[in-house]
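Working notes, structure below.
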Amino acid sequence: MPFTAEMDALRACLPQRVAVSRAHAANGQVASYIPDLAKTPREALGISILDPSGNSASAGDSGLPFTMQSVSKVFTLILALMDRGEHIVFSKVGMEPSGDNFNSMLKLELVEPGIPFNPLINAGAIVISSLIKGDGPQKKSARILHFFRELAHNDALDYNLEEYRSESSTAFRNRSLAYFLKDNGVLKDDVEEVLDVYFHHCAVEISCPDLARMALVLACGGNDPISGQSLIPRRFVQIAKTFMVTCGMYNASGEFAIGVGLPAKSGVSGGIMTMVPGRYGIGVVGPALNRKGNSVAGVHLLETLSREFDWSLF
Ligand code: GLU
């Protein structure tokens with residue numbers, strides 16, 4: 001289907017597709033290990049789709065603010081690559097799916113040389129936070145926020161400080177991961193300072209149109225087609241998208257590749273960022289998660305749309 005005709009078809013069908021997928025939220029649970037996240041409405045479901053000409057389609061709770069959580073890891077990886085280059089980044093984190101839970105410590109001890117398997121699991125993303133350039137945690141966080149604002153083309157993006165504090169004061173698991181990494185010699189900096197950068201970027205609050213705009217930059221090889229700005233070197237977009245395919249949807253990345261067939265990253269707040277390369281940036285939110293940690297209704301909606309519009313890359 002030509003571009004604009006497909007966008008018209010999307011605008012027409014999205015409200016009904018969202019209504020059908022929303023019913024699946026009843027099969028999921030809102031994450032509560034970060035206490036503040038438990039307040040999120042379980043039945044919410046929203047989506048925004050944006051094309052390179054700036055045409056968009058949104059439906060459901062697309063305006064619901066939510067924190068980026070693990071979705072932010074894609075962009076901190078890119079910033080670390082821009083700051084330090086591939087060689088340094090991949091001497092500290094691997095390139096393979098771990099097969100373990102996102103916050104697992106298991107392989108850090110069992111598999112030499114004790115570096116995280118990839119940059120999208122928590123251990124890997126904590127190491128990535130330590131690689132962001134900046135004089136101290138505040139400057140590093142400020143650079144990350146500036147980068148996110150640039151990608152979303154939205155200067156109003158900011159932290160949800162309640163959620164930041166809620167995570168920071170209860171993150172015993174992430175603290176143990178970070179101290180373990182310090183003991184392994186992978187983390188050189190002060191552990192609490194590194195974690196502060198990590199908790200801050202997880203707590204950046206966005207909504208579906210922001211996420212769609214950020215995803216569109218990835219869909220267009222690092223260029224923002226709407227502003228004409230070149231924001232990310234193509235090679236780093238390629239690396240990020242590859243990780244999204246292999247490890248972006250936790251231990252359901254294979255299932256998502258088969259069911260939807262697009263690079264994607266999800267987070268515990270129920271966000272999913274995905275894209276149809278060259279065509280669309282897509283942001284989804286649906287806080288009820290399945291047992292693998294992905295938005296139940298969000299995945300259902302993306303499966304439906306991918307099949308209907310033949311989006312799978314495979
Ligand atoms: N801030 C969350 C954590 O570290 C992010 C996890 C996620 O979204 O997968 O637990």
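Order of appearance sets the numbers: ligands from 1, and atoms from 1 within every ligand. Side-chain atoms are counted along with the backbone in the values below, which use heavy atoms only and exclude waters and symmetry mates.
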* Asked: Is a donor on one side and an acceptor on the other found under 3.5 Å between the side chain of Arg84 and the backbone of Leu131?
  -> yes

* **Presence of salt bridge, Arg213 and Asp210, under 4.0 angstrom** => no

* To do: Report yes if Ser266 has an N/O atom closer than 3.5 Å to an N/O atom of ligand 1; otherwise report no.
  => no

* May I ask you to check whether Val268 has an N/O atom sitting below 3.5 Å from an N/O atom of ligand 1? => yes

* Under 6.0 Å from the six-membered ring centre of Phe236 and within 45° of its axis: does the NZ or CZ of Lys241 meet both? -> no

* Asked: In ligand 1, which numbered atoms sit nearer than 4.0 Å to a non-hydrogen atom of Tyr250?
  -> 7 (C), 8 (O), 9 (O)

* Could you tell me how the ring of His201 sits relative to the ring of Tyr198: parallel (under 30°), tilted (30 to 60°) or perpendicular (over 60°)? => perpendicular

* Using a 4.0 Å heavy-atom cut-off, say whether Asn174 meets ligand 1 through its side chain, its backbone, both or neither. => side chain

* To do: Identify which one of Asn184, Asp183, Leu177 satisfies the side chain to side chain contact (heavy atoms under 4.5 Å, CB included) criterion when paired with Phe180.
  => Asn184

* To do: Could you tell me whether Glu167 approaches ligand 1 through its side chain, its backbone, both or neither, with non-hydrogen atoms closer than 4.0 Å?
  => side chain

* Contact atoms of ligand 1, heavy-atom distance to Cys202 under 4.0 Å -> 1 (N)

* Structure fact -> For atom 7 (C) of ligand 1, the closest protein heavy atom turns out to be Ser70 OG, 2.5 Å

* Asked: Under 3.5 Å, is there a donor-acceptor pair between the side chain of Ser129 and the main chain of Val197?
  -> no

* Structure fact -> Note: ligand 1 atoms sitting under 4.0 Å from heavy atoms of Gly267 are 8 (O)

* Which residue and non-hydrogen atom of the protein lie closest to atom 5 (C) of ligand 1, and at what distance in Å? -> Gln69 OE1, 3.5 Å

* Are Glu162 and Lys39 close enough for a salt bridge, meaning some N to O gap below 4.0 Å? -> yes

* Asked: For ligand 1, is there an atom lying under 4.0 Å from some heavy atom of Asn103?
  -> no

* Got the closest protein heavy atom to atom 4 (O) of ligand 1, with its distance? -> Tyr198 OH, 2.6 Å

* To do: Compute the minimum heavy-atom distance from Tyr33 to ligand 1 and say whether it is under 4.0 Å.
  => yes

* Side chain of Ser141, backbone of Pro137: donor and acceptor closer than 3.5 Å? -> yes

